[in-house]
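Notes follow the structure.
Reckoned from all heavy atoms, side chains included, excluding hydrogens, waters and symmetry mates.
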Amino acid sequence: MAKDNATEVEQAASASRLIDRRIEELGDWRGKVLARVRTLIGQAEPDIVEEWKWRGVPVWSHAGIICTGETYKSIVKLTFAKGASLDDPTGLFNSSLEGNTRRAIDIRENEEIDEEALKALIRAAAALNASTRKKPRKA
């Protein structure tokens with residue numbers, strides 16, 4: 001394994017541990033929702049990379065950021081980096097609707113998550129990232 005790959009694997013493992021710790025520290029419905037969403041993201045896109053950015057925000061990436069998982073007092077917010085470019089036929093996006101780029105899903109206590117629709121959004125976001133990723137230039 002090349003040194004760069006080893007570093008990426010170590011960073012991903014560290015981020016995953018930090019996300020584990022965040023879920024445990026929350027210790028309430030928000031932790032349960034974040035854990036469930038995390039599982040669904042992994043099921044939707046097995047090659048997802050977990051990251052820890054901006055002083056404590058879980059981030060899920062595949063060829064670029066797919067979404068973040070922020071926790072607030074009354075919501076768990078999933079912000080999709082390119083959400084405005086994604087089809088959302090079931091209407092999961094319910095926040096940050098006015099922007100040109102991002103869209104978010106605010107999940108409140110006791111709200112049901114449309115798991116299949118969320119997985120479809122994750123897959124669509126990963127596909128969009130992969131399709132728009134710049135190819136390296138040949139020398």
Side-chain angles (χ1 to χ4, degrees):
M1 182 183 296
K3 185 176 181 181
D4 287 344
N5 287 343
T7 302
E8 287 176 20
V9 169
E10 289 167 7
Q11 288 174 345
S14 176
S16 291
R17 284 191 299 275
L18 290 167
I19 295 169
D20 289 340
R21 189 177 317 148
R22 169 64 49 84
I23 289 167
E24 187 177 314
E25 287 171 353
L26 287 166
D28 60 10
W29 68 271
R30 296 170 300 163
K32 290 176 185 171
V33 168
L34 189 60
R36 183 66 191 141
V37 165
R38 180 190 201 189
T39 297
L40 295 171
I41 291 168
Q43 290 172 350
E45 184 52 61
D47 294 330
I48 205 95
V49 175
E50 291 188 323
E51 299 175 279
W52 188 257
K53 295 184 179 236
W54 309 296
R55 298 183 184 166
V57 176
V59 176
W60 291 277
S61 298
H62 181 355
I65 293 175
I66 291 180
C67 69
T68 62
E70 300 162 80
T71 53
Y72 299 96
K73 186 175 181 176
S74 62
I75 61 169
V76 173
K77 180 183 280 292
L78 299 179
T79 302
F80 283 70
K82 297 178 182 175
S85 298
L86 299 174
D87 287 332
D88 180 22
T90 62
L92 284 182
F93 291 132
N94 60 9
S95 182
S96 304
L97 302 176
E98 65 285 342
N100 293 330
T101 306
R102 292 185 295 274
R103 292 286 182 271
I105 303 168
D106 288 354
I107 306 167
R108 289 168 180 74
E109 189 172 9
N110 298 320
E111 277 188 344
E112 292 291 320
I113 300 168
D114 184 337
E115 296 183 355
E116 292 309 312
L118 178 59
K119 288 196 254 185
L121 275 178
I122 296 296
R123 286 189 289 270
L128 177 62
N129 283 356
S131 73
T132 58
R133 188 170 201 174
K134 291 184 176 155
K135 307 269 191 271
R137 292 184 198 212
K138 293 183 179 180

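Without hydrogens or angle criteria, Arg103 side chain to Thr79 main chain gives no donor-acceptor distance under 3.5 Å. Remark: side-chain polar atoms of Asp47 are not paired, donor with acceptor, to backbone N or O of His62 under 3.5 angstrom.
Heavy atoms from other residues, nucleotides or ligands lying under 6.0 Å from CG of Asp28 number more than 12. Crowding of Glu24 atom CD: a count of heavy atoms from other residues, nucleotides or ligands under 6.0 Å not exceeding 12. The number of heavy-atom neighbours closer than 6.0 Å to CZ of Arg38, taken from other residues, nucleotides and ligands shown, is above 12.
For the pair Arg36 and Glu115, the salt-bridge criterion is met [side-chain N within less than 4.0 Å of a carboxylate O]. For Glu45 and Lys119, the salt-bridge test fails: no basic side-chain N is under 4.0 Å from an acidic carboxylate O.
The heavy-atom pair separating Pro58 from Leu34 by the smallest distance is CG-CD2, 4.4 Å. When all heavy atoms of Gly42 and Ile48 are compared, the closest pair comes out as CA-CG2, 4.5 Å. Across all non-hydrogen atoms, the minimal contact from Ala84 to Asn100 is CB-O, 3.4 Å. Of all non-hydrogen atoms in Ser96 and Ala104, the two that sit nearest each other are OG-CB, 3.9 Å. Between Ala117 and Thr90, the closest heavy-atom pair is CB-OG1, 3.2 Å. Residues Phe80 and Ala125 share a closest heavy-atom pair of CD2-CB, 4.3 Å.
Of the inter-residue distances, the one linking Leu92 atom CG with Asp106 atom CG reads 12.0 Å to the nearest 0.5 angstrom. With rounding to the nearest 0.5 Å, the separation of CZ in Arg30 from CZ in Arg108 is 14.0 Å. Note that CZ of Arg102 is 13.0 Å distant from SG of Cys67, once rounded to the nearest 0.5 Å. Annotation: the span from Ile23 atom CD1 to Leu18 atom CG amounts to 11.5 Å, rounded to 0.5 Å. Taking CD1 from Ile41 and CG from Leu118, the interatomic distance works out to 6.5 Å, rounded to the nearest 0.5 Å. In this structure, OG on Ser74 lies 6.5 Å from CH2 on Trp29, to the nearest 0.5 angstrom.
Both Phe93 and Ile113 belong to a single network of hydrophobic side chains, linked directly or stepwise wherever heavy atoms of I, L, V, M, F, W or Y lie under 4.5 Å apart. Note on Ile105 and Leu86: same hydrophobic cluster, where clusters join Ile, Leu, Val, Met, Phe, Trp and Tyr whose side-chain heavy atoms are under 4.5 Å apart, directly or indirectly. In the hydrophobic cluster analysis, where Ile, Leu, Val, Met, Phe, Trp and Tyr join through side-chain heavy atoms closer than 4.5 angstrom, Ile65 is grouped apart from Ile122. Val33 and Val57 fall into different hydrophobic clusters, where Ile, Leu, Val, Met, Phe, Trp and Tyr side chains are chained together by heavy-atom contacts under 4.5 Å.
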- Task: Just do the side-chain contact (heavy atoms from CB on, under 4.5 Å) check on Ile107 and Ile75 with the steps written out, would you?
- Result: CA-CA 5 Å; Ile107 306 167; Ile75 61 169; over 6 Å; no

- Message: Let's go through Arg17 and Trp52 carefully: what are the C-alpha distance in whole Å and the side-chain angles of both, what is the deciding distance for side-chain contact (heavy atoms from CB on, under 4.5 Å) to 0.1 Å, and is it a yes or a no?
- Response: CA-CA 10 Å; Arg17 284 191 299 275; Trp52 188 257; over 6 Å; no

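Using modelled atom types, one finds a donor on one side chain and an acceptor on the other under 3.5 Å when comparing Thr132 with Lys82.
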